[in-house]
Asker: 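Quick one: this structure, given as C-alpha coordinates, is what I'll be asking you about.
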Amino acid sequence: MKIATWNVNSLNVRLPHVLEWLETATPDVLVLQEIKQITEAFDQESFRAAGYHAVASGQKTYNGVAVISRGESSDHITDFPDFEDSQRRVLAATIDGVRVVNLYVPNGHSVGSEKYQYKLGWLAALHNFLQVELKDHERLVVLGDFNIAPDDRDVYDPEKWGEAILCSPAERAALGKLLDLGLTDVFRQFDQPDSTFSWWDYRAAGFRRNAGLRIDLILASEALAKACQNSYVDREPRTWERPSDHTPVVADFDI
DNA sequence: ATGGTGGTCCAACCA
(Lines give C-alpha, C1' and ligand atoms only; values in the text may rest on other atoms or scores of the structure.)
Protein backbone atom coordinates (compact mmCIF):
# COMPACT_ATOMS: atom_id res chain seq x y z
CA MET A 1 0.00 0.00 0.00
CA LYS A 2 1.42 3.32 -1.13
CA ILE A 3 0.37 6.22 1.11
CA ALA A 4 1.19 9.89 0.49
CA THR A 5 0.60 13.35 1.91
CA TRP A 6 0.50 16.70 0.14
CA ASN A 7 -0.32 20.21 1.29
CA VAL A 8 -1.78 21.59 -1.94
CA ASN A 9 -2.37 25.22 -0.85
CA SER A 10 -5.82 25.51 -2.48
CA LEU A 11 -7.39 22.55 -4.25
CA ASN A 12 -9.27 25.00 -6.48
CA VAL A 13 -5.93 25.96 -8.01
CA ARG A 14 -4.13 22.64 -7.65
CA LEU A 15 -6.75 20.07 -8.72
CA PRO A 16 -5.03 19.54 -12.11
CA HIS A 17 -1.71 18.91 -10.31
CA VAL A 18 -3.33 16.43 -7.93
CA LEU A 19 -5.03 14.52 -10.77
CA GLU A 20 -1.78 14.47 -12.74
CA TRP A 21 0.14 13.19 -9.74
CA LEU A 22 -2.45 10.50 -8.94
CA GLU A 23 -2.13 9.23 -12.49
CA THR A 24 1.66 9.04 -12.53
CA ALA A 25 2.41 8.13 -8.90
CA THR A 26 -0.64 5.84 -8.45
CA PRO A 27 -0.82 5.99 -4.64
CA ASP A 28 -3.42 3.88 -2.84
CA VAL A 29 -4.06 6.72 -0.41
CA LEU A 30 -3.34 10.43 -0.79
CA VAL A 31 -4.18 12.86 1.99
CA LEU A 32 -4.43 16.57 1.25
CA GLN A 33 -4.14 19.66 3.43
CA GLU A 34 -5.12 23.29 2.85
CA ILE A 35 -7.78 22.51 0.29
CA LYS A 36 -9.20 25.98 1.13
CA GLN A 37 -12.72 25.16 0.02
CA ILE A 38 -15.97 24.24 1.73
CA THR A 39 -16.94 20.57 1.76
CA GLU A 40 -19.76 21.27 -0.71
CA ALA A 41 -17.26 22.66 -3.23
CA PHE A 42 -15.02 19.59 -3.01
CA ASP A 43 -14.95 17.99 -6.48
CA GLN A 44 -15.59 14.33 -5.59
CA GLU A 45 -16.54 13.59 -9.19
CA SER A 46 -13.06 14.35 -10.59
CA PHE A 47 -11.55 11.85 -8.15
CA ARG A 48 -14.23 9.26 -8.86
CA ALA A 49 -13.47 9.58 -12.58
CA ALA A 50 -9.79 8.97 -11.75
CA GLY A 51 -10.72 5.78 -9.90
CA TYR A 52 -10.60 7.07 -6.33
CA HIS A 53 -12.95 7.54 -3.43
CA ALA A 54 -12.70 10.97 -1.85
CA VAL A 55 -13.90 12.61 1.35
CA ALA A 56 -13.25 16.09 2.66
CA SER A 57 -13.60 18.19 5.76
CA GLY A 58 -13.63 21.61 4.20
CA GLN A 59 -13.52 25.23 5.26
CA LYS A 60 -13.82 28.50 3.39
CA THR A 61 -10.53 30.33 2.60
CA TYR A 62 -8.34 28.54 5.16
CA ASN A 63 -7.36 25.00 6.14
CA GLY A 64 -9.50 22.07 4.95
CA VAL A 65 -8.37 18.43 4.61
CA ALA A 66 -9.26 15.52 2.34
CA VAL A 67 -8.58 11.79 1.96
CA ILE A 68 -8.36 10.26 -1.53
CA SER A 69 -8.23 6.46 -1.65
CA ARG A 70 -8.52 3.50 -4.02
CA GLY A 71 -10.46 1.57 -1.40
CA GLU A 72 -13.57 2.92 0.25
CA SER A 73 -12.98 4.75 3.52
CA SER A 74 -15.11 4.57 6.65
CA ASP A 75 -15.32 5.66 10.30
CA HIS A 76 -14.50 9.29 9.59
CA ILE A 77 -13.55 11.61 12.44
CA THR A 78 -13.06 15.35 11.95
CA ASP A 79 -12.57 16.58 15.53
CA PHE A 80 -10.60 15.72 18.64
CA PRO A 81 -12.84 14.91 21.60
CA ASP A 82 -13.01 17.70 24.19
CA PHE A 83 -11.29 20.19 21.88
CA GLU A 84 -13.55 22.86 20.42
CA ASP A 85 -12.17 24.06 17.09
CA SER A 86 -13.86 25.58 14.07
CA GLN A 87 -10.71 25.10 11.98
CA ARG A 88 -10.86 22.01 9.74
CA ARG A 89 -7.49 20.35 10.28
CA VAL A 90 -8.25 16.68 11.00
CA LEU A 91 -9.68 13.85 8.96
CA ALA A 92 -9.30 10.28 10.18
CA ALA A 93 -10.55 7.38 8.07
CA THR A 94 -10.18 3.60 7.86
CA ILE A 95 -9.15 2.20 4.47
CA ASP A 96 -8.61 -1.53 3.83
CA GLY A 97 -7.92 -2.15 7.50
CA VAL A 98 -5.49 0.76 7.90
CA ARG A 99 -6.38 3.68 10.15
CA VAL A 100 -5.28 6.88 8.42
CA VAL A 101 -5.10 10.16 10.37
CA ASN A 102 -4.67 13.18 8.11
CA LEU A 103 -3.43 16.32 9.88
CA TYR A 104 -2.90 19.96 9.11
CA VAL A 105 -1.08 21.07 12.25
CA PRO A 106 -1.36 24.82 12.98
CA ASN A 107 1.58 26.88 11.75
CA GLY A 108 1.98 28.83 14.99
CA HIS A 109 3.15 32.09 13.36
CA SER A 110 5.94 32.89 15.85
CA VAL A 111 7.16 31.54 19.18
CA GLY A 112 5.14 32.96 22.05
CA SER A 113 2.32 34.33 19.91
CA GLU A 114 -1.37 33.55 20.40
CA LYS A 115 -1.23 31.25 17.38
CA TYR A 116 1.74 29.46 18.97
CA GLN A 117 -0.30 28.77 22.12
CA TYR A 118 -3.10 27.46 19.92
CA LYS A 119 -0.62 25.18 18.15
CA LEU A 120 0.69 23.72 21.40
CA GLY A 121 -2.86 23.21 22.74
CA TRP A 122 -3.84 21.57 19.47
CA LEU A 123 -0.83 19.22 19.67
CA ALA A 124 -1.79 18.26 23.24
CA ALA A 125 -5.33 17.40 22.06
CA LEU A 126 -3.78 15.41 19.19
CA HIS A 127 -1.69 13.45 21.68
CA ASN A 128 -4.80 12.46 23.66
CA PHE A 129 -6.61 11.53 20.46
CA LEU A 130 -3.77 9.35 19.15
CA GLN A 131 -3.39 7.57 22.47
CA VAL A 132 -6.93 6.23 22.01
CA GLU A 133 -6.57 5.63 18.26
CA LEU A 134 -3.44 3.54 18.85
CA LYS A 135 -5.29 1.33 21.31
CA ASP A 136 -8.03 0.72 18.77
CA HIS A 137 -5.93 0.33 15.61
CA GLU A 138 -2.79 -1.77 15.33
CA ARG A 139 -2.23 -0.50 11.79
CA LEU A 140 -2.19 3.27 12.16
CA VAL A 141 -0.55 5.96 10.03
CA VAL A 142 -0.54 9.61 11.07
CA LEU A 143 0.51 11.91 8.26
CA GLY A 144 0.22 15.41 6.97
CA ASP A 145 1.67 18.88 7.31
CA PHE A 146 3.05 18.85 10.86
CA ASN A 147 4.54 22.34 10.64
CA ILE A 148 7.43 20.98 12.74
CA ALA A 149 10.91 20.15 11.44
CA PRO A 150 11.95 17.15 13.60
CA ASP A 151 15.66 18.01 13.79
CA ASP A 152 18.53 19.97 12.25
CA ARG A 153 18.82 17.62 9.27
CA ASP A 154 15.35 18.78 8.31
CA VAL A 155 16.31 22.45 8.09
CA TYR A 156 18.28 24.06 5.24
CA ASP A 157 20.19 26.39 7.57
CA PRO A 158 19.69 25.30 11.19
CA GLU A 159 22.05 27.97 12.51
CA LYS A 160 20.06 30.73 10.90
CA TRP A 161 16.65 29.25 11.67
CA GLY A 162 17.63 28.55 15.28
CA GLU A 163 14.72 27.88 17.61
CA ALA A 164 12.23 29.94 15.63
CA ILE A 165 8.74 28.73 14.73
CA LEU A 166 8.61 25.18 13.27
CA CYS A 167 11.84 24.37 15.18
CA SER A 168 11.21 25.55 18.75
CA PRO A 169 11.98 23.15 21.62
CA ALA A 170 8.33 23.02 22.75
CA GLU A 171 7.14 22.05 19.26
CA ARG A 172 9.81 19.40 18.91
CA ALA A 173 9.01 18.10 22.40
CA ALA A 174 5.33 17.81 21.42
CA LEU A 175 6.36 15.82 18.34
CA GLY A 176 8.64 13.69 20.53
CA LYS A 177 5.68 12.90 22.78
CA LEU A 178 3.74 11.65 19.76
CA LEU A 179 6.65 9.41 18.78
CA ASP A 180 6.80 8.14 22.37
CA LEU A 181 3.27 6.78 21.92
CA GLY A 182 4.83 4.21 19.60
CA LEU A 183 5.01 6.04 16.29
CA THR A 184 7.95 6.17 13.88
CA ASP A 185 8.93 8.86 11.37
CA VAL A 186 9.25 6.31 8.54
CA PHE A 187 11.26 8.67 6.29
CA ARG A 188 14.22 8.25 8.67
CA GLN A 189 14.08 4.46 8.53
CA PHE A 190 15.84 4.72 5.16
CA ASP A 191 18.99 6.32 3.78
CA GLN A 192 18.09 9.74 2.46
CA PRO A 193 19.96 12.36 0.47
CA ASP A 194 21.19 15.29 2.56
CA SER A 195 18.98 18.39 2.48
CA THR A 196 15.78 16.62 1.57
CA PHE A 197 12.85 18.94 2.23
CA SER A 198 9.10 18.94 1.63
CA TRP A 199 8.34 22.69 1.77
CA TRP A 200 10.06 25.73 0.31
CA ASP A 201 8.91 29.30 0.94
CA TYR A 202 7.53 31.01 -2.18
CA ARG A 203 9.52 34.05 -1.06
CA ALA A 204 13.23 34.55 -1.61
CA ALA A 205 13.40 31.89 -4.33
CA GLY A 206 13.32 29.20 -1.65
CA PHE A 207 13.02 26.27 -4.04
CA ARG A 208 15.74 27.45 -6.41
CA ARG A 209 18.15 27.73 -3.46
CA ASN A 210 16.77 24.53 -1.85
CA ALA A 211 16.10 26.69 1.20
CA GLY A 212 13.44 24.38 2.62
CA LEU A 213 12.28 22.37 5.59
CA ARG A 214 10.98 18.84 6.03
CA ILE A 215 7.71 19.47 7.83
CA ASP A 216 5.45 16.98 6.03
CA LEU A 217 5.74 13.72 7.93
CA ILE A 218 4.48 10.15 7.86
CA LEU A 219 4.36 8.51 11.29
CA ALA A 220 3.50 4.83 11.52
CA SER A 221 2.54 2.48 14.35
CA GLU A 222 4.97 -0.33 15.13
CA ALA A 223 3.20 -2.89 12.95
CA LEU A 224 3.15 -0.53 9.97
CA ALA A 225 6.64 0.87 10.49
CA LYS A 226 7.96 -2.70 10.27
CA ALA A 227 6.06 -3.19 7.02
CA CYS A 228 7.38 0.06 5.51
CA GLN A 229 9.56 -0.67 2.46
CA ASN A 230 10.51 2.87 1.50
CA SER A 231 9.75 6.52 2.08
CA TYR A 232 10.73 9.51 -0.02
CA VAL A 233 9.94 13.05 -1.06
CA ASP A 234 8.75 13.50 -4.65
CA ARG A 235 10.13 16.92 -5.60
CA GLU A 236 8.75 16.90 -9.10
CA PRO A 237 5.40 18.61 -8.54
CA ARG A 238 7.27 21.54 -6.95
CA THR A 239 8.88 22.12 -10.39
CA TRP A 240 5.52 22.33 -12.17
CA GLU A 241 3.95 25.57 -13.26
CA ARG A 242 2.15 27.43 -10.46
CA PRO A 243 3.07 24.84 -7.81
CA SER A 244 2.05 24.41 -4.19
CA ASP A 245 4.80 25.47 -1.79
CA HIS A 246 4.79 21.82 -0.54
CA THR A 247 5.54 18.66 -2.49
CA PRO A 248 4.24 15.09 -1.92
CA VAL A 249 5.86 12.76 0.63
CA VAL A 250 5.35 9.04 0.10
CA ALA A 251 5.64 5.78 2.06
CA ASP A 252 5.35 2.27 0.65
CA PHE A 253 4.01 -0.44 2.95
CA ASP A 254 4.22 -4.16 2.28
CA ILE A 255 0.61 -4.87 3.25
C1' DA B 1 21.52 43.91 3.99
C1' DT B 2 16.90 43.93 2.62
C1' DG B 3 13.06 42.07 0.70
C1' DG B 4 11.20 39.26 -2.18
C1' DT B 5 5.58 35.16 -3.32
C1' DG B 6 1.25 33.18 -3.41
C1' DG B 7 -4.01 32.12 -2.13
C1' DT B 8 -8.28 34.13 -0.94
C1' DC B 9 -10.79 37.73 -2.26
C1' DC B 10 -10.47 43.27 -2.71
C1' DA B 11 -8.25 44.80 2.53
C1' DA B 12 -6.06 42.13 5.06
C1' DC B 13 -4.97 37.76 6.73
C1' DC B 14 -2.45 33.49 6.46
C1' DA B 15 1.58 30.93 5.35
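Residue numbers start from 1 in every chain, and the chains themselves are labelled A, B, ... in the order their sequence lines are given, proteins ahead of strands. Computed over heavy atoms, backbone and side chain alike; hydrogens, waters and symmetry mates excluded.
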Asker: How is A/R238 classified with respect to the nucleic acid when contacts are heavy atoms under 4.0 Å: base, sugar-phosphate, or nothing?
Answerer: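 The residue A/R238 makes no contact with any strand.
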Asker: Pick the P atom in B/dA1 and in B/dG6, then give their distance to the nearest Å.
Answerer: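 Looking at atom P only, B/dA1 and B/dG6 are 25 Å apart.
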Asker: Regarding A/F207, tell me which of base, sugar-phosphate or nothing describes its non-hydrogen contacts under 4.0 Å with the strands shown.
Answerer: nothing
Asker: Assuming nearest nucleotide by heavy-atom distance, tell me which of A/K60 and A/A205 is located more 5' along DNA chain B.
Answerer: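 Going by which nucleotide is closer to the 5' end, it is A/A205.
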Asker: Among A/L178, A/L217, A/N102, A/V101, which residue satisfies the side-chain contact (heavy atoms from CB on, under 4.5 Å) criterion with A/V142?
Answerer: A/V101
Asker: Between A/Q59 and A/Y62, is any pair of side-chain heavy atoms under 4.5 Å apart?
Answerer: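 Sidechains of A/Y62 and A/Q59: in contact.
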Asker: Taking A/R88 first and then A/D79, would you say they form a salt bridge - that is, a charged N and a carboxylate O separated by under 4.0 Å?
Answerer: yes
Asker: What integer number of Å spans the C1' atoms of B/dC9 and B/dC14?
Answerer: 13 Å
Asker: At under 4.0 Å between heavy atoms, what does A/D201 touch on the DNA or RNA strands: base, sugar-phosphate, or nothing?
Answerer: nothing
Asker: Answer whether the closest heavy-atom distance between the side chains of A/L219 and A/V141 falls below 4.5 Å.
Answerer: no
Asker: State the CZ-NE2 distance between A/R242 and A/H17, to the nearest 0.5 angstrom.
Answerer: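 A/R242 CZ to A/H17 NE2: 9.0 Å, rounded to 0.5 Å.
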Asker: Looking for any heavy atom pair under 4.0 Å, which part of the strands does A/R14 touch: base, sugar-phosphate only, or nothing?
Answerer: sugar-phosphate
Asker: Distance between the P atoms of B/dT2 and B/dC13, in whole angstroms?
Answerer: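 One P to the other, the span is 25 Å.
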Asker: Is the shortest distance from a Lys or Arg side-chain nitrogen in A/D154 or A/R188 to a carboxylate oxygen in the other one below 4.0 Å?
Answerer: yes
Asker: Could you tell me if the ring centre of A/F42 sits under 6.0 Å from that of A/F47?
Answerer: yes
Asker: Which dot-bracket string describes DNA chain B (Watson-Crick N1-N3 plus N6-O4 or O6-N4, or G-U N1-O2 and O6-N3, all under 3.5 Å; [ ] crossing; | other strand)?
Answerer: ....((((...))))
Asker: Map A/S10 and A/H109 onto DNA chain B by nearest heavy atom, then report which one ends up closer to the 5' terminus.
Answerer: A/S10
Asker: Is the shortest distance from a Lys or Arg side-chain nitrogen in A/D245 or A/R203 to a carboxylate oxygen in the other one below 4.0 Å?
Answerer: no
Asker: If you count the non-hydrogen atoms of other residues, nucleotides and ligands that lie under 6.0 Å from CG in A/D82, is the total more than 12?
Answerer: no
Asker: What range of DNA chain B does chain A touch, first nucleotide to last, counting atoms under 4.0 Å from its heavy atoms?
Answerer: B/dG4 to B/dA15
